[in-house]
Amino acid sequence: MANSAPIGVFDSGVGGLSVLREIHAQLPNEALLYVADSGHVPYGEKSAEFIRERSQKIAEFLLEQGAKALVLACNTATVAAVADLRERYPQLPIVGMEPAVKPAAAATRSGVVGVLATTGTLKSARFAALLDRFASDVRVVTQPCPGLVECVEAGDLDSLPVRQLLQGYVEPLLAAGCDTLILGCTHYPFLKPLLRELVLADVALIDTGAAVARQLQRLLEQHDALAPQSATHSAHFWSSGAPAQLEQILPLLWGSPAPVNALLE
Ligand code: DGL
């Protein structure tokens, strides 16, 4: 596989763009492919089997486009599908992501950590194992957040309804004494400015986008697959939903406009 081959990144929708931004910041020479499965968003309330099937289809598509590595820029898809994809493609560098329990447990002073994530992530065996491994010395309060993903998909990052929804999810965590909140879904970093207005400055907000980008770099180094310094960056986008809708919010969430192709089923 050529070092100049692209990296394939996907999410249930636009949330993974928060990870794509970190990947681009960390690895500015890499060519990027991004699939938003917006025709099937949200993944959070869907069965693991359904998410595994979608992830397989999207992975196949990205590999057909020549991807040299895959990033599951979605916590919910990772718990449902990363093990299966690693089994199918044992030679391929594959990066998944999970809520940042380890750094949050290390950072908390109150000893109480809150996790905002999807229902699918919070009820998974993988998340339970993460708590067993890293959170035995702290109290972890979990909060599923139905509805937030849909707001971000619509490009609504600060309206009164999204503010009220977020406030309703955060208040019980603050009342429980959390001084550290994990943003355990890739859509939520886009709501960080709003979240900052709702919590005191000394409450830490932790997400995993930058750590995922660093892990991707390590894996590409191990596989001797980093793009050469001379390579020029490019990014291509597909959506299984309405390409025009993604095109419209790319400037807001990705930072620049780009054409979006339809992901044909
Ligand atoms: N962005 C995804 C995550 O990180 C899932 C959101 C959803 O589709 O429910 O979990």
Side-chain angles (χ1 to χ4, degrees), residues 8-23 34-55 57-59 70-83 85 94-101 104 114-128 130-131 142-157 162 165-166 169 181-192 195 205-213 215-216 237-242 245-246 249-250 252-254 263:
V9 182
F10 73 92
D11 176 46
S12 62
V14 300
L17 293 169
S18 66
V19 181
L20 198 72
R21 290 175 80 127
E22 299 287 354
I23 293 173
Y34 185 86
V35 171
D37 198 13
S38 295
H40 301 93
V41 72
Y43 279 1
E45 312 290 321
K46 298 209 167 67
S47 73
E49 195 187 340
F50 177 84
I51 297 166
R52 246 187 322 273
E53 273 171 28
R54 292 302 307 158
S55 300
K57 278 203 178 125
I58 295 167
L70 288 181
V71 179
L72 284 69
C74 176
N75 296 263
T76 315
T78 298
V79 297
V82 76
L85 291 178
I94 298 180
V95 181
M97 58 194 300
E98 45 202 11
V101 172
V115 188
L116 300 156
T118 67
T119 307
T121 296
L122 295 176
K123 68 176 192 208
S124 68
R126 235 182 133 91
F127 181 68
L130 199 60
L131 295 186
T142 58
Q143 178 63 63
C145 307
L148 278 189
V149 162
E150 289 87 333
C151 296
V152 177
E153 287 291 315
D156 176 6
L157 308 182
V162 70
L165 194 61
L166 191 56
Y169 292 141
L181 300 181
I182 298 173
L183 309 186
C185 166
T186 55
H187 284 72
Y188 305 165
F190 290 120
L191 296 170
K192 227 171 170 176
L195 195 52
L205 304 176
I206 302 189
D207 68 81
T208 12
V212 166
Q215 172 62 6
L216 174 63
F237 298 88
W238 288 264
S239 171
S240 63
Q245 193 184 339
L246 180 54
I249 59 173
L250 268 183
L252 178 67
L253 303 185
W254 166 241
L263 183 76

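These numbers come from the heavy atoms of this one structure, side chains and all, not from hydrogens, waters or symmetry mates. We count ligands from 1, going down the list as the structure has it; atoms in each ligand are counted the same way.
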Which ligand 1 atoms, with their elements, are less than 4.0 angstrom from a heavy-atom of [X]?
X      : answer
Ser12  : 5 (C), 6 (C), 7 (C), 8 (O)
Asp11  : 1 (N), 2 (C)
Val41  : 8 (O)
Cys185 : 1 (N), 2 (C), 3 (C), 4 (O), 5 (C), 6 (C), 10 (O)

Closest approach of Arg54 and Leu263, non-hydrogen atoms and distance? NH2-CD2, 4.3 Å
Gly44 to Thr119 - nearest heavy-atom pair and separation: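 Closest approach of Gly44 to Thr119: O-CB, 3.7 Å.
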Hey, does Tyr43 come in under 3.5 Å of ligand 1, counting only N/O atoms on both sides?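 Yes, since at least one N or O of Tyr43 sits under 3.5 Å from an N or O of ligand 1.
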Check whether any N or O atom of Thr118, backbone or side chain, sits under 3.5 Å from an N or O atom of ligand 1, and answer yes or no. no
Below 6.0 angstrom between ring centroids: does that apply to Phe237 and Trp254?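 Under 6.0 Å, so yes.
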Which option, Val152, Thr78, Asn75, owns the non-hydrogen atom nearest atom 3 (C) of ligand 1? Asn75
Considering only non-hydrogen protein atoms, determine which one is nearest to [atom] and report residue, atom name and distance to 0.1 Å.
atom                    : value
atom 2 (C) of ligand 1  : Cys74 SG, 3.2 Å
atom 9 (O) of ligand 1  : Gly44 N, 2.8 Å
atom 10 (O) of ligand 1 : Thr76 OG1, 2.6 Å

4.5 Å side-chain heavy-atom contact, Tyr34 and Leu17: yes
Could you walk me through whether Leu246 and Ser38 pass the side-chain contact (heavy atoms from CB on, under 4.5 Å) check? CA-CA 9 Å; Leu246 180 54; Ser38 295; 5.9 Å; no
Region of Val149 that comes within reach of ligand 1 [heavy atoms, distance under 4.0 Å]: side chain
Classify the ring geometry between Phe50 and Tyr43 as parallel (under 30°), tilted (30 to 60°) or perpendicular (over 60°).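 Ring orientation, 0 to 90° scale: perpendicular.
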NZ/Lys57: more than 12 non-hydrogen atoms of other groups inside 6.0 Å: no
Just checking Gln245: does its CD atom have more than 12 heavy atoms from other residues, nucleotides or ligands closer to it than 6.0 angstrom? no
May I ask whether Pro42 places a heavy atom under 4.0 Å from ligand 1? yes
